[in-house]
Structure formats: C-alpha cells, structure tokens
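Since the structure comes first, as structure tokens, the remarks are kept for the end.
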Amino acid sequence: SFAGIVLVAINPYEQLPIYGEDIINAYSGQNMGDMDPHIFAVAEEAYKQMARDERNQSIIVSGESGAGKTVSAKYAMRYFATVSGSASEANVEEKVLASNPIMESIGNAKTTRNDNSSRFGKYIEIGFDKRYRIIGANMRTYLLEKSRVVFQAEEERNYHIFYQLCASAALPEFKTLRLG
C-alpha cells in the first residue's frame with residue numbers, strides 16, 4: 001500500500017508471479033498511483049524523475065530483519081536494467097549482489113530473532129549514462145554493530161566469519177593463520 005510517496009510492502013515468504021518482465025513492462029512509463037502499489041512503481045517514479053530532472057534519485061529500503069529489503073532492492077535494480085535496455089548486456093542485480101555471501105559472512109550474526117541477521121547497512125549506487133542506461137554500480141557497506149565483536153547477548157553469536165574461520169582451521173590453506 002502507498003502512504004504518500006512511501007511504499008509499505010510485506011514479505012510473503014514465498015515467490016509470487018508479480019515480478020516478471022511482463023509486470024515490469026506494465027509499470028514502465030506509468031505514473032505512481034495509476035497502478036497498484038509495487039516496488040516497480042517506486043522504481044519507475046525514481047527513473048522518470050532522474051531522466052526528467054537530470055538529478056540523482058534515492059530509494060530507501062528499510063525494514064526489520066527478514067522484511068525482504070535485499071529482495072526489494074534486487075527487484076528495483078532489475079526494473080532499472082530492464083527499462084533502460086541494459087538487462088541483456090549485464091544482469092546488474094546479480095553482479096551487485098554477487099558479493100552478498102561474503103558480506104553476510106562478515107556482517108551477519110545469529111540473534112534471538114534471526115539466525116542470519118544482517119548487522120550492517122548497504123548503500124547501492126547505480127550509475128547511468130546520458131541515455132539513462134546502466135553503466136555500473138557500487139555497493140558500500142557500513143557496520144552497524146561493532147560492539148558484537150567483543151560482546152554478544154545471551155543466546156546470540158558473534159559474526160559468522162569467526163565461526164567459519166575456526167571451523168576451517170584444520171584445512172591446509174589455513175594452517176599459516178594458526179587459528180587452532
């Protein structure tokens with residue numbers, strides 16, 4: 001549901017047939033509010049304003065753990081790639097999110113609410129050329145919870161990377177690290 005220029009979305013915890021190229025094409029060129037509330041409506045509005053005003057645009061994706069923030073960002077990137085004609089050249093959302101497993105290892109931890117809770121934020125910047133085609137992307141991360149390195153609440157754990165390194169200590173390629 002839209003609340004002004006804010007889209008309130010709920011993670012259905014299952015795949016729905018509302019994110020395909022046919023749906024992208026239905027939202028392309030439409031005004032926000034002429035179509036049902038959708039991440040594609042928000043992406044289209046940002047894309048149109050970028051092209052019309054020749055100014056940078058931002059989409060803030062926020063929510064609790066498990067709310068679907070990463071998936072929503074992925075769908076927005078897919079939308080931009082498709083409507084800009086860049087989709088066939090490079091699957092931008094896959095390239096930007098390819099570093100996600102590494103980032104999760106370093107920045108995710110078990111909490112009382114989620115076994116794989118992200119403890120960091122992401123800022124994804126997508127670059128467009130003068131014809132509004134994607135030419136690149138950059139993902140910056142920032143650690144939100146530095147204190148977790150030295151202290152974890154009861155029933156919580158440190159960042160996954162520490163456990164992964166310890167579990168790998170016996171592997172030959174880790175011998176020089178002397179983790180054991």
Side-chain angles (χ1 to χ4, degrees), residues 1-108 116-146 161:
S1 172
F2 286 119
I5 58 169
V6 175
L7 172 67
V8 178
I10 298 171
N11 186 347
Y13 296 101
E14 63 181 67
Q15 289 286 16
L16 297 176
I18 60 170
Y19 300 105
E21 197 164 329
D22 56 329
I23 306 296
I24 290 174
N25 292 330
Y27 278 86
S28 181
Q30 299 297 318
N31 292 318
M32 192 157 125
D34 288 350
M35 301 284 286
D36 289 337
H38 198 288
I39 187 66
F40 294 160
V42 175
E44 172 61 22
E45 189 66 18
Y47 189 75
K48 271 196 314 200
Q49 287 187 27
M50 175 191 67
R52 183 186 66 224
D53 301 339
E54 294 187 358
R55 294 184 52 168
N56 294 338
Q57 300 295 309
S58 295
I59 297 175
I60 298 172
V61 181
S62 178
E64 290 191 8
S65 181
K69 297 177 294 294
T70 299
V71 174
S72 291
K74 178 179 173 180
Y75 287 139
M77 287 185 279
R78 182 176 300 153
Y79 185 87
F80 296 137
T82 301
V83 299
S84 71
S86 307
S88 59
E89 295 171 21
N91 203 342
V92 67
E93 79 272 9
E94 284 184 19
K95 288 184 176 184
V96 170
L97 297 175
S99 64
N100 218 39
I102 295 167
M103 295 312 304
E104 284 186 0
S105 177
I106 295 168
N108 287 22
N116 194 33
S117 180
S118 175
R119 312 315 300 160
F120 65 97
K122 289 183 238 179
Y123 177 79
I124 302 171
E125 185 176 50
I126 302 171
F128 293 86
D129 65 15
K130 294 290 182 192
R131 296 184 329 186
Y132 313 111
R133 294 171 51 98
I134 294 173
I135 56 173
N138 183 23
M139 182 169 65
R140 295 184 206 139
T141 60
Y142 46 96
L143 198 56
L144 295 178
E145 197 177 35
K146 295 177 183 175
I161 190 70

With rounding to the nearest 0.5 Å, note down the distance linking [atom1] in [X] to [atom2] in [Y].
X	Y	atom1	atom2	answer
Tyr132	Glu54	OH	CD	4.0 Å
Tyr27	Asp36	OH	CG	5.0 Å
Met32	Leu7	CE	CG	7.5 Å
Glu104	Asn116	CD	CG	5.0 Å
Ile39	Ile23	CD1	CD1	14.5 Å
Met50	Phe80	CE	CZ	7.5 Å

Hey, does [Y] have a side-chain heavy atom less than 4.5 Å from the side chain of [X]?
X	Y	answer
Asn138	Tyr123	no
Met77	Ile134	no
Tyr47	Ser28	no
Thr70	Lys74	no

Please tabulate, one pair per line, all N/O donor-acceptor pairs under 3.5 Å involving side-chain atoms of residues 10-18, not counting sequence neighbours.
| unit_1 | atom_1 | unit_2 | atom_2 | d |
| --- | --- | --- | --- | --- |
| Asn11 | OD1 | Tyr13 | N | 2.8 |
| Asn11 | ND2 | Gly66 | O | 2.9 |
| Tyr13 | OH | Gly66 | O | 3.0 |

**Q.** For Gln49, side-chain contact (heavy atoms from CB on, under 4.5 Å) partners two or more places apart
**A.**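 Listed in chain order: Glu45, Arg52, Asp53, Gln57.
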Q. Parallel under 30°, tilted from 30 to 60°, perpendicular over 60°: which one fits the rings of Tyr19 and Phe40?
A. perpendicular
Q) Around Asp22, counting heavy atoms of other residues, nucleotides and ligands shown, do more than 12 lie under 6.0 Å from its CG? A)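 Buried by this count: over 12 neighbours within 6.0 Å.
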Q) Counting only heavy atoms not in Gln30, do more than 12 sit closer than 6.0 Å to its CD atom? A) yes
Q. Taking all non-hydrogen atoms of both residues, which atom of Met139 and which atom of Met103 are closest, and how far apart?
A.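 Looks like CE-CG, 4.2 Å.
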**Q.** Pairs where residues 118-129 contributes a residue and the test salt bridge (Lys or Arg N to Asp or Glu O under 4.0 Å) is met, not counting sequence neighbours
**A.** Arg119-Glu145, Glu125-Arg140
